[in-house]
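Some notes on the structure that comes next.
If you're wondering where the values come from, they're calculated on a predicted model, not measured in any experiment.
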Amino acid sequence: MKKALILGVTGQDGSYAAELLIKKRYKVFGLFRKSATGNKKNLTEVLSNKNFNLVQGDVTDPVSLHYIIDKCKPDEIYNFADQDHVGWSFKIPSYSMRITALSVIDILEILRKKRKKIKYFQPISSNIFGLTNTTKQNEKTPYNPNSIYALAKTTAIHACKMYNRIYDSHACGAIFYNHESPRRSSDYVSKKIVEQSVEIYMKKRRYLYLGDVSAKIDWGYSKEYVEAAWRIMQQKKPDFYIIATGQQNSVKDFVVLCFKKLGLKYENHVRVDKKLLRPSKTSSLIGDIKKARKILKFNPKVNIKKLIDIMIESEFRKYK
């Protein structure tokens, strides 16, 4: 039986990864830190499974990481733990760099010293492309980060590639474009829109306040992206792949589709609040997934309409 260690298991991607790997007959260890001990709502499907174990630690503490890796002896490590909110990264820049970039180097150093080669998966954000003049981005598109978060992720991908090159490590990963699910936190615009649209429908609020509604986003579904992460990990040679839908919609489009499903009118309830605008913008990012289609057979089936259906139906279940 293969063993996997998932860092950031309580989050959206980490929890879906735990479910997927258990279905594939892995023994799964999930790392959670003290501040997340009361946040196990995403793990209800796996907590009682005999092949799932929670372990305490923190990715910013290399001592605990070393101990946990020694204890679990994983064949694969999936690192879904980081400070992945672009807006927050401007407010806590040092912490964002430490947890999103420096912790990756700590992990790579620990793995470098192991006699047995452990496969390592590192998610990267499409934000690394930042300000680009390309219509679509592929694996060869130059990085040009325009936020602290994107800078940290750029450091992480360079670190993985360097350790592969110098130390023959197996550090692979995906350049993920925006991917959502009912397990997103309310800090993210997709979940905020869905939650508050339903609240407007339920007459619990009147308005939805947003920042830049013209921003265009390549939106996918987290469960499909986690499946792609596993496929990337199964490749013989470590590599990075663009994981996206190749389709793009604006924030306004997302709201309009939510409202249409609920029978609401955009102009009656949406208000733009300049306080919600980010200090920096990225170019319009859309992923070219030719490589992932060819090698991984990645073929996303959940488009934006299906994604919104999934999220709204989940939101209504809260009220039931």
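- By the 30° and 60° cut-offs, the orientation of the rings of Tyr201 relative to Phe316 is perpendicular.
- Other residues, nucleotides and ligands contribute more than 12 heavy atoms inside 6.0 Å of the NZ atom of Lys114.
- In this model, no donor atom of one side chain and acceptor atom of the other lie less than 3.5 Å apart for Asp58 and Ser64.
- The residues Glu76 and Lys119 are annotated as not salt-bridged, no charged nitrogen and carboxylate oxygen being separated by less than 4.0 angstrom.
- Surrounding NZ of Lys290 are at most 12 heavy atoms belonging to other residues, nucleotides or ligands under 6.0 Å away.
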- Message: Applying side-chain hydrogen bond (donor to acceptor under 3.5 Å, both in side chains) to Tyr120 and Asn79, what does each step give before you reach the verdict?
- Response: CA-CA 8 Å; Tyr120 175 71; Asn79 182 16; 3.0 Å; yes
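- A donor-acceptor pair shorter than 3.5 Å cannot be found between the side chains of Asp106 and Ser103.
- Using a 4.5 Å heavy-atom threshold, the side chains of Phe52 and Leu47 count as touching.
- Looking at every heavy atom in both residues, Ser96 comes nearest to Ala152 through O-CB, 4.0 Å.
- In this structure, Arg184 satisfies the cation-pi test against Tyr188, with its NZ or CZ atom closer than 6.0 Å to the six-membered ring centre and inside 45 degrees of the ring normal.
- Between Cys160 and Val104, the shortest heavy-atom contact is SG-CG1, 4.3 Å.
- Note on Arg183 versus Glu45: no salt bridge recorded, every NZ/NE/NH1/NH2 to OD/OE distance being 4.0 Å or above.
- Nearest heavy atom pair, residue Ser190 against residue Trp219, reads CB-NE1, 4.2 Å.
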* Asked: Between Asp239 and Lys237, is a salt bridge (Lys or Arg N to Asp or Glu O under 4.0 Å) present by the stated rule, with each step listed?
  -> CA-CA 6 Å; Asp239 204 352; Lys237 292 184 179 180; over 6 Å; no
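- Note on ring orientation: taking the six-membered ring where Trp is involved, the planes of Tyr16 and Tyr221 are perpendicular (angle over 60°, cut-offs 30° and 60°).
- Of all heavy-atom pairs between Gln12 and Glu180, the closest is OE1-C, 3.3 Å.
- A salt bridge is defined here as a Lys NZ or Arg NE, NH1 or NH2 lying under 4.0 Å from an Asp or Glu carboxylate O, and Arg231 with Glu227 meets this definition.
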Candidate pair Lys116 and Asp75, rule salt bridge (Lys or Arg N to Asp or Glu O under 4.0 Å), full reasoning
CA-CA 9 Å; Lys116 178 187 174 185; Asp75 300 289; 2.8 Å; yes
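- Within the 3.5 Å criterion, the main-chain N or O of Met97 finds no donor-acceptor partner in the side chain of Thr100.
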Inset, instruction - For the pair Val28 and Asn53, evaluate side chain to side chain contact (heavy atoms under 4.5 Å, CB included) and give the outcome as yes or no after the intermediate values. - result: CA-CA 6 Å; Val28 177; Asn53 299 274; over 6 Å; no
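- The neighbour count for Lys260 NZ, taken as heavy atoms of other residues, nucleotides or ligands under 6.0 Å away, does not exceed 12.
- Around NZ of Lys71, the count of heavy atoms belonging to other residues, nucleotides or ligands within 6.0 Å does not exceed 12.
- Within the 3.5 Å criterion, the main-chain N or O of Gly220 finds no donor-acceptor partner in the side chain of Glu224.
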- Message: Could you go through Tyr78 and Leu7, starting from their C-alpha distance and side-chain angles, then the distance that decides it, and tell me whether this counts as side chain to side chain contact (heavy atoms under 4.5 Å, CB included)?
- Response: CA-CA 6 Å; Tyr78 296 80; Leu7 312 179; over 6 Å; no
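- Of the N and O atoms on the side chains of Asp13 and Tyr225, not one donor lies less than 3.5 Å from an acceptor on the other residue.
- When atom types are taken as modelled, the side chain of Lys73 and the backbone of Asp70 share a donor-acceptor pair closer than 3.5 angstrom.
- Judged by distance alone, the side chain of Lys153 and the main-chain N or O of Pro123 form a donor-acceptor pair under 3.5 Å.
- Side-chain atoms of Ser197 never come within 3.5 Å of backbone atoms of Cys258 as a donor-acceptor pair (strictly under, hydrogens ignored).
- Of the possible donor and acceptor atoms, none in the side chain of Asp288 sits under 3.5 Å from a partner among the backbone N and O of Lys136.
- A cation-pi arrangement, defined by a distance under 6.0 Å to the six-membered ring centre and an angle within 45 degrees of its axis, is present between Arg112 and Tyr167.
- For OH of Tyr266, the number of neighbouring non-hydrogen atoms (other residues, nucleotides, ligands) closer than 6.0 Å is greater than 12.
- Counting all heavy atoms, side chain and backbone alike, Val59 lies closest to Ala81 at CG1-CB, 3.8 Å.
- Counted by atom type alone, Tyr163 and Glu109 present one or more donor-acceptor pairs between their side chains at under 3.5 Å.
- Asn42 contributes a side-chain N or O that, together with a main-chain N or O of Thr10, makes up a donor-acceptor pair within less than 3.5 Å.
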* **Stepwise side chain to side chain contact (heavy atoms under 4.5 Å, CB included) check, Ile200 with Leu264** => CA-CA 8 Å; Ile200 291 169; Leu264 301 172; 3.9 Å; yes
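- Using the six-membered ring where Trp is involved, Phe259 and His269 have ring planes that are perpendicular, over 60° apart on the 30 and 60° scheme.
- When all heavy atoms are compared, the tightest approach of Gly287 to Ala244 is CA-CB, 3.8 Å.
- Using a cutoff of 4.0 Å between basic side-chain nitrogens and carboxylate oxygens, Lys216 and Asp253 are not scored as salt-bridged.
- When atom types are taken as modelled, the side chain of Gln248 and the backbone of Leu285 share a donor-acceptor pair closer than 3.5 angstrom.
- Between Tyr143 and Phe129, the two ring planes are tilted [angle within 30° to 60°].
- Looking at Lys252, its side chain never comes within 3.5 Å of a backbone N or O of Ser214 through a donor-acceptor pair.
- Using a 4.0 Å cut-off between a side-chain N of Lys or Arg and a carboxylate O of Asp or Glu, Asp187 and Lys192 do not qualify as a salt bridge.
- Note that the CZ atom of Phe176 and the CD1 atom of Ile242 stand 11.0 Å from one another [nearest 0.5 Å].
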How far apart are the C-alpha atoms of Lys318 and Glu195, what are their side-chain angles, what is the distance that settles it, and do they pass the salt bridge (Lys or Arg N to Asp or Glu O under 4.0 Å) test? CA-CA 10 Å; Lys318 292 181 184 178; Glu195 279 185 341; 3.6 Å; yes
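- Side chain of His179 to main chain of Tyr177: a donor-acceptor pair is present (N/O by atom type, distance under 3.5 Å, no hydrogens or angles).
- Annotation: Arg25, atom CZ; neighbour count of heavy atoms from other residues, nucleotides and ligands within 6.0 Å does not exceed 12.
- A donor-acceptor contact under 3.5 angstrom links the side chains of Thr245 and Asp218, judged on distance only.
- Around NZ of Lys223, the count of heavy atoms belonging to other residues, nucleotides or ligands within 6.0 Å does not exceed 12.
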